[in-house]
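Everything numeric in this text was worked out from a predicted model, so none of it was measured.
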There are 2 protein chains.
Amino acid sequence: MSKMLDEIRQQPEALSKTLKQEWKGIEKLKLQFESYPPRLIVLAARGTSDNAAQFGRYLLEYLTGIPVSLAAPSLYTLYGAKFDLEDALVVGISQSGESTDTNIVLERAKESGAFTLGVTNEADSTLAKLGHATILVRAGKEKSVAATKTYTGQLMAMYMLAYALGANLKLKDLEGLPALAEKALKLEPQVAALAGRYRFMQHAVVVGRGLNYANAFEFALKLMETCYVIAERFSSADLLHGPIAMVDPHFPAFLFAPSGVTWNPISELLDRLDGTTHESLIITDKSNKAAYDSNRRAFRIPAAIPELFTPIPYIIPGQLFAAYLATEKGFNPDQPRSLTKVTQNL
Amino acid sequence: MSKMLDEIRQQPEALSKTLKQEWKGIEKLKLQFESYPPRLIVLAARGTSDNAAQFGRYLLEYLTGIPVSLAAPSLYTLYGAKFDLEDALVVGISQSGESTDTNIVLERAKESGAFTLGVTNEADSTLAKLGHATILVRAGKEKSVAATKTYTGQLMAMYMLAYALGANLKLKDLEGLPALAEKALKLEPQVAALAGRYRFMQHAVVVGRGLNYANAFEFALKLMETCYVIAERFSSADLLHGPIAMVDPHFPAFLFAPSGVTWNPISELLDRLDGTTHESLIITDKSNKAAYDSNRRAFRIPAAIPELFTPIPYIIPGQLFAAYLATEKGFNPDQPRSLTKVTQNL
């Protein structure tokens, strides 16, 4: 079995541990943010962690009303730009904690007066020591080059951060997330059985909206890294603004289809794709009856999940799919070509 | 001749007009921002305009030090999120001024206490009337579905906005931009002659960094819309974080290669690509001697351009290339499949 598959399966435990072992620190952060509420949040990350940051952008803006910006690292690392970051919260996210440019952003932000927070898997890393505070992702060592359990761990950290910033979230809600990840893992036999169908797929487009927009990037990244599938990723809105001209005739589309406010535009896009030579596969759950009970090709998570809590369980079938498809294609998902675990670059 | 090609050639004039006819308004804005400096800038846009917003993010953060965030429109349109936008400047960018979701962002931002600014080509549009202030892109009616002159017009508007926000820019600098666009247009015969080489290109990757990162998205979007080329777009840093595994063996790479701080990482990436079956083409100018005088396949703009002013002239060979390649491939660049000029969606 690949390490990737092994680590995908460790996610419920990793999520539980992260929540339990970090909660005390989160309550402390909450007190601090009550006294000094940030007026702005800046998130800095690269690669998979940048997808977690993308999720954070939506989640934190949605639940806290504080504007969130994704840092453009090159402004710090190459241009040496100076920012006014008084009263800002700057968050660096990195699995290894050794991503050079993420760390530079945090250092500069500190100098500019920001409160800084590191989110990382490695307690002894540069990032963990750099920030005023740290949220440790308690996922255990990640051995596969393709990040899985650290990604969902980072999503968990974003929920915890939202709580610390005063979002209307309860500990009980977050305690339900490992169980939802467990439910998603029940799809493994189904995903394994379907992977063969895509043995010769060379292109794909992954579509997500709102809170699952980041998952579209992450699912696509896994397909690129481990299966060498050319995977485009779009929101349903952006896809209609141009790229659909190219995507329409060739690609299968993978769509995140939770219930809630994003279902309407996703459903309209599905209808539009139906009229083409396209083939779609959706990831959905029991709470979206229209999608769950339809005849569409789907990964159906056997649980009713409020949209707010879909991103962690929803990426899991995507991770499983990438791992099984890599094997079908004869690749080792643990050793993508041209990649190393820690990417240091400016 | 296609309308697209015609409109590409109109850019020097459109840029001149925009600068001249809008400058009085810009000076007025400058006075206002001196009295009420925004603590945060939020940019909202879709499609090509979103690429202009991406440029704005880098330019405005770099030159003004004010943090810039790209709005996630679905938070406004689907989730109905409420933001604290007191003392924020919220900018909507849309060629037609009728992009539903961009307009909703501006409306909501107004309700949340933001100062709002519309950047659009259409004086009578909803967007032009919606904002507290407007910068009109004086490009004349854009008839081709593929946006070209409105994109560079929007980039010009971003420079003008940077000036209004106190950036160390002079009117004289901006007055030089139409002449640089003219120099870039001199490449047309060369671009036309080279387009045939890519007749059967199905994939490409476009790479830009820093101020030209947005151009990578825009060049790729043009290739997708008008040539149906599957065009990935990355910063040199993100490319090394995973996707290079997929990109390495198959794709030609198009890279923006100005002089200045981004040349080092771009140059390193070029060296790395040289060791593969990859083929590269760079867009550069006289100020980057190493690139300009090399034997590399290149579009060489016959002018010495400080990096800060490269984005407008640098996109022009990309636009020309997309227009000529579309013709080589037997497509009509003015009528992409599945697209309409005004995209209204939520």
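Residue A/Thr262 touches chain B through both its backbone and its side chain, counting heavy-atom pairs closer than 4.5 Å. The contact between A/Ala71 and chain B is made entirely by backbone atoms, counting heavy-atom distances below 4.5 Å. For a residue to count as touching a neighbouring chain, one of its non-hydrogen atoms must lie under 4.5 Å from one of that chain's; by this rule A/Leu223 does not touch chain B.
For chain A, the option among B/Glu268, B/Arg233, B/Lys82 with the highest count of heavy-atom pairs below 4.5 Å is B/Arg233. In terms of heavy-atom pairs under 4.5 Å with chain B, the best-connected choice from A/Ile66, A/Leu211, A/Asp87, A/Val42 is A/Leu211.
Contact record, B/Pro265 with A/Leu78: CG-CD1, 4.0 Å, taken as the closest heavy-atom pair. Annotation for B/Ala231 and A/Glu232: closest pair O-OE2, 3.9 Å, computed over non-hydrogen atoms. Pairing each heavy atom of B/Arg57 with each of A/Leu70, the nearest pair is NH1-O, 2.5 Å. Considering every non-hydrogen atom in both B/Tyr79 and A/Gly210, the closest pair reads OH-CA, 3.5 Å.
No more than 12 heavy atoms of other residues, nucleotides or ligands sit less than 6.0 Å from atom CG of B/Asn168.
Residues B/Arg39 and A/Glu86 fail the side-chain proximity criterion, which asks for heavy atoms closer than 4.5 Å. Taking the side chain as every heavy atom from C-beta outward, B/Val68 and A/Ser69 never approach each other to under 4.5 Å.
To the nearest 0.5 angstrom, A/Gln202 atom CD is 8.5 Å from B/Gln202 atom CD. Rounding to the nearest 0.5 angstrom, the gap separating the OH atom in A/Tyr76 from the OH atom in B/Tyr62 is 14.5 Å.
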